[in-house]
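Take a look at the structure set out below.
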Amino acid sequence: VSSLQASGSVRRRKRKNRAMEGLALLASVIAVGILGIVVVSVLLKAIPALNWDFFTKNAPLFGEPGGGIANAFVGTAIIVAIAAAIALPVGVLVAIYVSEFAPPQVSLLVRTSLDVLNGIPSIVIGIFAYALLVLRFKQSGFMASLALAIIALPLVSRSAQEVLALVPQSLRQASQALGVSKWRTVLFVVLPTTLGGIVTGTTLAVARVAGETAPILFTTTLFTNTTSFDPFKPLATVPFKIFTYSESPDPVQHEQAWAAAFVLIMFVLITSLSARYLLHRSLRKLRGEQQGERALARVMAAFARSGDAD
Amino acid sequence: VEASTAGAGPRALESRRGRRDRVGDVALYGLTALASLVAVAVLVGIVYKVVDGAWPAIHHFGISFVWHQVWDPNKDVYGALNLIYGTALTSFVALLVAAPISIAIGLYLTELAPGGVRGVVGSLVEMLAAVPSVVIGLWGILVLGPFVQKDLEPVLHDVLGWTPFFRGAPHTGGLLPAMIVLSIMIVPISSSISRELFLTVPQELKEGAFGLGLTRWEMVRGVILPYTRGGVVAALLLGLGRALGEAIAVTQVIGSAQGIHISFFALGDTLASRIANQYQGALTHLATASLVYLAAVLLVFSLVVNVAAQVIVKRFEIQRGST
């Protein structure tokens with residue numbers, strides 16, 4: 001309490017206050033500045049390699065210049081789509097269990113497990129996928145999808161939990177007072193109001209796992225130089241191309257790495273920003289300005305926490 | 001007669017619907033419980049599989065793997081000390097740099113920024129977390145690296161060369177760029193969680209402090225920081241957890257070298273980057289198991305850090321009576 005006593009000359013206290021405010025502003029400028037520097041340098045260096053061939057052709061066989069990484073775009077699209085198709089239903093079911101059915105202790109256990117899962121480095125998840133699946137069934141795009149689904153699961157489930165928690169209790173009570181059974185209440189009354197939030201939460205998770213590289217290293221690297229649509233064969237991916245090209249001494253491959261990074265970054269930023277905007281809107285619609293704001297902060301913190309945790 | 005059939009109709013309908021509802025209730029409950037069981041099982045499975053895969057190395061080297069320095073695939077001898085040192089040093093310094101910046105951003109976003117700026121800056125900082133680490137690594141190797149070698153390290157050497165940390169020849173890669181890359185990754189995590197915490201401070205407390213005539217900074221020091229202290233520690237721990245496990249970007253910049261170096265200019269290696277680098281070249285059974293052993297050590301580190309953070313957050317939430 002004594003720390004709340006104002007002491008010292010007013011001018012000095014005000015000066016100190018201004019200095020601290022300045023430092024807080026500076027910190028934010030640094031963070032935004034670094035994002036700007038990364039995005040701008042990726043854009044500038046990507047321009048020479050961004051052409052039609054880059055998206056439609058594969059790498060030339062004998063290392064001559066030109067060509068592109070079409071197979072990586074196709075591979076990443078397939079792998080991420082399958083990962084989302086797995087993580088979405090499982091994540092939503094877990095969220096329904098946790099917020100509608102489970103007794104408090106069990107709910108806490110499941111939520112804590114998901115939080116811990118969210119904190120496991122993705123390279124460890126890659127090792128897990130490798131030891132459990134790849135050693136037995138060999139590499140394939142599908143193995144990568146499974147690993148990415150494990151990474152996406154806590155994110156999807158967390159955002160679904162947050163929107164479910166915002167659905168007013170009165171809605172559930174009204175439904176049950178009309179004699180509607182629990183499962184109908186959950187599936188046809190509660191869930192539809194949260195649909196927007198769940199879809200955008202999944203989109204955010206997809207944007208996040210699309211750039212994951214560590215699990216890819218263990219599950220789908222032995223791809224051929226042709227465009228393949230078969231998820232049960234190893235597929236090329238955009239993050240792995242960037243990783244290998246960044247360590248190559250060839251400046252042409254550097255250019256292609258920048259171009260691939262540009263496409264990846266634009267995909268991630270645009271989907272994240274628009275999904276974030278939509279999520280914000282649906283949270284606010286559900287529960288008004290302030291609570292919506294807090295729920296969004298919680299969801300975004302959960303996403304930031306996992307980061308792109310390679 | 002008519003009345004009795006009319007009465008049986010709805011009742012039959014009702015019982016059919018009742019049966020369907022009972023089945024529906026059980027089915028939905030079972031399905032959701034199963035999904036939750038799968039989620040928990042995945043977590044248990046990860047721990048089990050990693051220990052299982054490392055078992056040959058655990059059996060062969062025992063716990064002394066953790067403090068042995070030699071990592072020599074030619075002699076098939078493996079120890080993790082260099083890598084534990086590399087992980088601990090890079091993550092710790094990165095946290096030291098990122099902590100004040102993260103807290104300051106959290107404060108700026110909740111207390112200072114005008115309404116419009118708040119949303120924009122807040123989402124931009126979160127976007128920094130969304131930049132894939134392979135892209136940060138690419139930038140780290142090709143843009144940050146040359147800058148560190150030509151500009152940053154010579155300056156640090158001139159100013160702080162009297163300490164043991166800033167000596168030796170400048171490199172494009174090494175511990176210093178790894179630390180910078182890791183702090184870039186910690187900041188968005190810790191700042192967005194700090195911001196979430198600062199939002200929970202009751203308006204009355206803040207207004208009370210202003211009513212006593214305090215400046216904004218005095219209010220922050222007297223009200224917000226004491227109120228959220230535990231949570232801020234947790235936010236930093238979660239950032240640290242992220243840094244410990246970061247593999248890709250660190251692999252790209254750190255230079256994969258052996259040995260324990262005090263100077264930040266030196267090349268090094270971390271647990272995660274060694275795994276990412278060598279799993280394909282692992283020739284012997286023991287080499288593979290040793291890499292998985294590294295993953296097990298890393299898993300223990302990140303579990304300890306994350307669970308500690310969770311415990312602090314839970315206690316914090318209970319204390320505040322809000323969940």
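We name chains A, B, ... by the order of the sequence lines, and we start the count at 1 in each one. Atoms considered below: every heavy atom in the structure, side chains included; atoms not considered: hydrogens, waters and symmetry mates.
Heavy atoms only, all atoms of each residue included: A:Ala31 and B:Ile105 are closest at CB-CD1, 3.6 Å. Across all non-hydrogen atoms, the minimal contact from B:Ala35 to A:Leu93 is CB-CB, 3.6 Å. Heavy-atom minimum distance, A:Ala131 versus B:Lys49: O-CE, 3.6 Å. The two residues A:Ala261 and B:Leu138 have their closest heavy-atom pair at CB-CD2, 3.6 Å. Residues B:Gly245 and A:Ile123 share a closest heavy-atom pair of O-CG2, 4.2 Å.
With a threshold of 4.5 angstrom between heavy atoms, A:Leu264 approaches chain B through side-chain atoms but not through N, CA, C or O. Contacts of A:Ser28 with chain B are made by both backbone and side-chain atoms, with heavy-atom separations under 4.5 Å. Heavy atoms closer than 4.5 Å to chain A are found in both the backbone and the side chain of B:Tyr29. Heavy-atom distances place the side chain of B:Leu303, and not its backbone, under 4.5 Å from chain A. If you measure heavy-atom distances from B:Ile141 to chain A, the contacts under 4.5 Å come from the side chain alone. For chain B, no part of A:Ala207 is nearby; none of its heavy atoms comes within less than 4.5 Å. Residue B:Ser190: no heavy atom, backbone or side chain, is found under 4.5 Å from chain A. Residue B:Ile46 touches chain A through both its backbone and its side chain, counting heavy-atom pairs closer than 4.5 Å. Of the atoms belonging to B:Arg22, not a single heavy atom falls under 4.5 Å from chain A. Looking at A:Val180, there are no atoms closer than 4.5 Å to chain B (heavy atoms on both sides), in backbone or side chain. Heavy atoms closer than 4.5 Å to chain A are found in the side chain of B:Leu112, but not in its backbone.
Atom CH2 of A:Trp183 and atom CZ of B:Arg20 lie 7.0 Å apart (nearest 0.5 Å). In this structure, CG in B:Leu214 is found 6.5 Å from CZ in A:Arg13, a value given to the nearest 0.5 Å. Atoms CG and CZ, from A:Asn118 and B:Arg242 in turn, are 11.0 Å apart once rounded to the nearest 0.5 Å. Distance check: B:Ile101 CD1 to A:Leu26 CG gives 8.0 Å after rounding to the nearest 0.5 Å. With rounding to the nearest 0.5 angstrom, the CG atom of B:Leu43 is 5.0 Å from the CD1 atom of A:Ile120. The distance from atom CD of B:Gln310 to atom CG of A:Asp115, rounded to the nearest 0.5 Å, is 4.0 Å.
The closest side-chain heavy-atom distance from A:Arg184 to B:Asp21 is below 4.5 Å. A 4.5 Å side-chain heavy-atom check between B:Asn306 and A:Val116 finds every atom pair outside the cut-off. Side-chain atoms of A:Phe243 and B:Gln252, non-hydrogen and from C-beta on, do get closer than 4.5 Å to each other. Within the 4.5 Å cutoff, no side-chain heavy atoms of A:Met20 are placed close to those of B:Val220. In this structure, the side chains of A:Pro121 and B:Glu246 stay at 4.5 Å or more apart for every pair of heavy atoms. When side chains are defined from C-beta on, B:Leu31 does not count as touching A:Tyr97, because their heavy atoms never get closer than 4.5 Å. Side-chain atoms of B:Trp139 and A:Ile37, non-hydrogen and from C-beta on, do get closer than 4.5 Å to each other.
Of the options B:Val292, B:Val50, B:Leu294, a side-chain contact (heavy atoms from CB on, under 4.5 Å) to A:Val124 is made by B:Val50 and by none of the others. Put simply, the residue from A:Leu153, A:Leu114, A:Ile150 that forms a side-chain contact (heavy atoms from CB on, under 4.5 Å) with B:Val42 is A:Ile150.
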List the steps and the verdict of side-chain contact (heavy atoms from CB on, under 4.5 Å) for B:Val134 and A:Phe240.
-> CA-CA 8 Å; B:Val134 72; A:Phe240 186 69; over 6 Å; no

Report the C-alpha distance between B:Leu28 and A:Lys182 in whole Å, list the side-chain angles of each, state the deciding distance to 0.1 Å, and finish with yes or no for side-chain contact (heavy atoms from CB on, under 4.5 Å).
-> CA-CA 9 Å; B:Leu28 187 63; A:Lys182 179 110 183 181; over 6 Å; no

Output, in order, the C-alpha distance, side-chain angles, deciding distance and verdict of side-chain contact (heavy atoms from CB on, under 4.5 Å) for A:Val98 and B:Thr32.
-> CA-CA 8 Å; A:Val98 162; B:Thr32 57; over 6 Å; no

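Between chain B and the residues A:Leu23, A:Val90, A:Ile127, the largest count of heavy-atom pairs under 4.5 Å involves A:Ile127. Top candidate by heavy-atom pairs under 4.5 Å with chain B, chosen from A:Ile125, A:Leu35, A:Thr185, is A:Leu35. With chain A as the partner, the residue from B:Ala276, B:Gly241, B:Gly53, B:Ser102 showing the most heavy-atom pairs under 4.5 Å is B:Ala276. The candidate from A:Val42, A:Ile265, A:Ile242, A:Val10 with the greatest count of non-hydrogen atom pairs under 4.5 Å with chain B is A:Ile242. Chain A forms the most heavy-atom pairs under 4.5 Å with one residue out of B:Val305, B:Leu299, B:Val187, B:Leu142, and that residue is B:Leu142. The greatest number of non-hydrogen atom pairs below 4.5 Å with chain A, out of B:Val121, B:Ile103, B:Val125, B:Val143, is found for B:Val143. Top candidate by heavy-atom pairs under 4.5 Å with chain A, chosen from B:Val250, B:Ile136, B:Val135, B:Asp52, is B:Val135. Of the residues considered (B:Ser123, B:Gly119, B:Ala296), B:Ser123 shows the highest number of contacts with chain A, using heavy-atom pairs under 4.5 Å. Considering only heavy-atom pairs separated by less than 4.5 Å from chain A, the leading option among B:Tyr108, B:Phe301, B:Tyr48 is B:Tyr108.
In this pair, B:Tyr279 and A:Phe218 present their aromatic rings tilted. The plane angle is within the 30 to 60° band.
B:Asp25 is linked by a side chain to side chain donor-acceptor pair (under 3.5 Å) to nothing, counting only residues two or more places apart in sequence or in another chain.
For B:Phe198, the CZ atom is densely surrounded, since the number of other residues' heavy atoms within 6.0 Å is greater than 12. Counting heavy-atom neighbours within 6.0 Å of B:Phe210 CZ, excluding the residue itself, gives a total above 12.
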